[in-house]
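See below for the structure under consideration.
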Amino acid sequence: MALSDHRRMQIYGALLLLPAAVLLVTFAYLPTVLTVLRSLFLPGVQGQPAEFAGLENYALLADDPVFWKVARNNLVYALVTVPASIAIALGMALLVNARLPGRGLVRMAYFTPTILPMIAAANIWLFFYAPEIGLFNHVLGLFGIAGPNWLGDESVAMVSVIVMTVWKEAGFFMIFYLAALQSIPPELREASDLEGTGRWSHFWRVTFPLLMPTTLFVLVNALINAVRVVDHLFILTKGGPNNATNLLLYHVYETAFSFFDRSYAAAITVMILIVLAVVATLQFTVLDRRTHYQ
Amino acid sequence: MAEPPAIHLEGLRKAWGDTTAVADASLSVRQGEFVILLGPSGCGKSTTLRMIAGLEPPDAGRLRINGTDVTRQPPGRRGLSMVFQSYALFPHLTVADNIVFGLRSRRVPKAQRRRRLNHVARLVGLEELLQRKPAQLSGGQRQRVALARAVIAEHPICLMDEPLSNLDARLRAEMRREIRELQRRLGMTVVYVTHDQVEAMSMGDRVVLMDRGTIVQDDTPDALYSRPRTAFAATFVGSPPMNLLELADDGGASHLPGAPGTPVAPAGLAGCLLGVRPEDVGIAGADSAGIPAEIVDEEYLGADTIVRLRVGEQTLRSRLTGHRPGPAERHCRIHWPHEAAHLFDTGTGRRRDDAAVYGPGEKAPATAGDTPAVATSTQ
């Protein structure tokens, strides 16, 4: 049977999409669906088949103080690391975009943390934070100050983890801001100068609005990273002390592979997915409208 | 009391490492004058303009605006506006916000901002487009926004850096007229940089021709065309450019090599350059008076025809009005009036007015030369 040209083109297009679709389904959509399904069952004990439990896992979750503590931790972690790393990244980019001597060296220095694997960076900071021999307490000791136990004290441990994360992330986001700054034509600054516009005013009225697409991109990435990257917890605190630095993904890992409650872990994962989807949608709909794309 | 010049440059100099962009620029612009900085790319005209604007600090020299020394003043304090080649519009702002950008920087009250915006928008014909973004405008409309932004400041001085070079030819002709009109209406002092001689000749009250960082000639368009000061000025202005012919000397008079029978200048000018504009070169039959030449080819341009001719080893062009059908014979005689001939020194390229030139083929010599210019066809 002869196919019409239109039909032939449709098959052709579908075939082109097939490889990407197969990969996405196998590694993204299928696991997502399986996770949602698993969260509706109780784990089968000793070879027993899993038992359908409806929303029981979610009910348990709602009453679990550890889950809420970890969720709150993650919220604080995101609310501090995201704006802080974006602001520092922008500041560093503005600095190394200026004509200053040795700016190649400074750029490299700012970017170095990004090249390091998270585990390696965490190991370096573990040495900084160590209570007796650590760099910070050693320096503080020179001034006669007894430093805190940076990672062991419940009240400062989260701050320590946040500081390290900001140090690691800012250099990476700086690169995006630097690229965006260099695409702004220098005549805009000159036109502003001729009108007697001050530096501060020029930044808020011209540079910052023109960087909005970059800010949006960086913001989405930073938020995803705040939930997605927990490698440093394995080295620094393992979520402790008393869950003070525990984050959602690390909590999922613990639940699934230390406590072997994979159904409960699946329920937490579904909650993370829902929250992330809502946040990403909000970002793109609200901020997109206010962003100028060139 | 004499009014101080709007802009006064005194020995301005700018170099980057070994490259000297502007060697020594001295120039005075009167109030309300339209001055063109003309020259090939890399001649230092844009750098000169940017030094006036305060965007480049000069290495040496002084700059006065309305009598006040502003050499060390930042651009915003010099009381001038500028139109950039790339327009430098803020892409995220609407046309209206772009135009009033500077007024907001200067904290002009909102009511006055709106009044001035409406006035300027009408002036340049942008009333309908005030809420658009620059990306939604055509090249000509963007040009108008840039112009409006410069005009609304009500600064008496406006600098323009090749503002029309990004427009197509038809729009350029239109904008040329509009800018000139606007400048006259508002009485602005304009310094306008271009490499386009048509813009220079048609818009300027005065044209400052630059080459390799120095000012070659500072004159009215008419004087620049009719009395070029150097061989460079002679060839840069005019299309096709002025013919420059090397002279030879046989002891009695100077003539073109290959045409010893027709003297064109007194003796002692061997190696000097004789310049004649193509429209001044006339062509006559082989049996009339003049320099014997050979027609190489013809180029018909509609209103006129450019004929290429050969005299000895040198070629020159003649511009004749209308369509001239090619003559049956390639041999002819060429002539020009003595007042159309210019003489330039070989080494310096400077104009020489010390030696009288003849008009080959002229009926009666106007200047008393050693040899009468009519005594030609003696071959």
Side-chain angles (χ1 to χ4, degrees), chain A residues 86 89-90 93-94 97-104 176-220 283-294, chain B residues 46 49-57 70 73-94 97-108 113 133-136 142 145-155 157-163 166:
Chain A
I86 290 179
L90 181 54
L94 288 170
N97 194 41
R99 286 185 211 156
L100 82 170
R103 68 172 175 181
F176 294 103
Y177 274 124
L178 190 56
L181 281 174
Q182 299 199 331
S183 73
I184 297 178
E187 294 92 60
L188 296 189
R189 174 72 247 194
E190 293 177 349
S192 225
D193 273 346
L194 278 157
E195 303 287 3
T197 314
R199 277 177 175 279
W200 189 247
S201 170
H202 176 78
F203 175 78
W204 285 113
R205 289 168 65 197
V206 179
T207 313
F208 191 72
L210 288 178
L211 291 176
M212 266 312 267
T214 312
T215 305
L216 184 63
F217 171 79
V218 165
L219 186 64
V220 171
Q283 280 183 325
F284 277 112
T285 49
V286 176
L287 288 175
D288 223 34
R289 228 175 296 137
R290 303 181 46 191
T291 302
H292 170 82
Y293 292 98
Q294 282 188 308
Chain B
S46 275
L49 191 79
R50 290 172 62 82
M51 285 194 285
I52 298 174
L55 298 172
E56 288 313 335
V70 295
Q73 293 273 1
R77 304 267 294 277
R78 297 187 177 198
L80 39 80
S81 356
M82 183 161 169
V83 178
F84 291 83
Q85 184 176 7
S86 62
Y87 313 144
L89 301 180
F90 302 110
H92 60 297
L93 298 179
T94 60
D97 286 336
N98 260 293
I99 297 176
V100 299
F101 185 89
L103 298 187
R104 287 187 55 188
S105 296
R106 291 168 209 282
R107 303 190 196 288
V108 173
R113 277 203 317 251
K133 295 272 176 74
Q136 298 165 298
R142 282 180 217 182
V145 178
L147 214 55
R149 196 171 62 180
V151 167
I152 200 169
E154 296 178 0
H155 288 145
I157 298 173
C158 185
L159 309 177
M160 302 196 184
D161 189 2
E162 308 217 15
N166 290 343

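To find a chain, count down the sequence lines: A is the first, B the second, and so on, and within it residues start at 1. Keep in mind that the numbers below use all heavy atoms, side chains included, and drop hydrogens, waters and symmetry copies. Given the structure is predicted, the values throughout are model-derived calculations rather than measurements.
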[X] portion near chain A, given a 4.5 angstrom heavy-atom threshold:
X	answer
B/Arg149	both
B/Leu159	neither
B/Ser81	neither

Near B/Arg106 CZ, under 6.0 Å, is it more than 12 heavy atoms from other residues, nucleotides or ligands?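 Yes - once you tally the heavy atoms of other residues, nucleotides and ligands closer than 6.0 Å, there are more than 12.
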With no hydrogens and no angle check, do the side chains of B/Ser105 and A/Glu195 hold a donor and an acceptor under 3.5 Å apart?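 The criterion, which ignores hydrogens and geometry beyond distance, is not satisfied for A/Glu195 and B/Ser105.
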Heaviest contributor of heavy-atom pairs below 4.5 Å to chain B, chosen from A/Glu190, A/Glu187, A/Arg189, is A/Glu190
Closest-packed option against chain B by number of heavy-atom pairs under 4.5 Å, given A/Ser192, A/Pro186, A/Ala191, A/Gly196: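 Most heavy-atom pairs under 4.5 Å with chain B: A/Ala191.
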Between CE of B/Met82 and CG of A/Asp193, what distance do you get to the nearest 0.5 Å? 11.5 Å
Gap between atom CZ of B/Phe84 and atom CG of A/Leu188 - 0.5 Å precision: 9.0 Å
At a 4.5 Å cut-off on heavy atoms, which part of A/Arg205 comes close to chain B: side chain, backbone, both, or neither? both
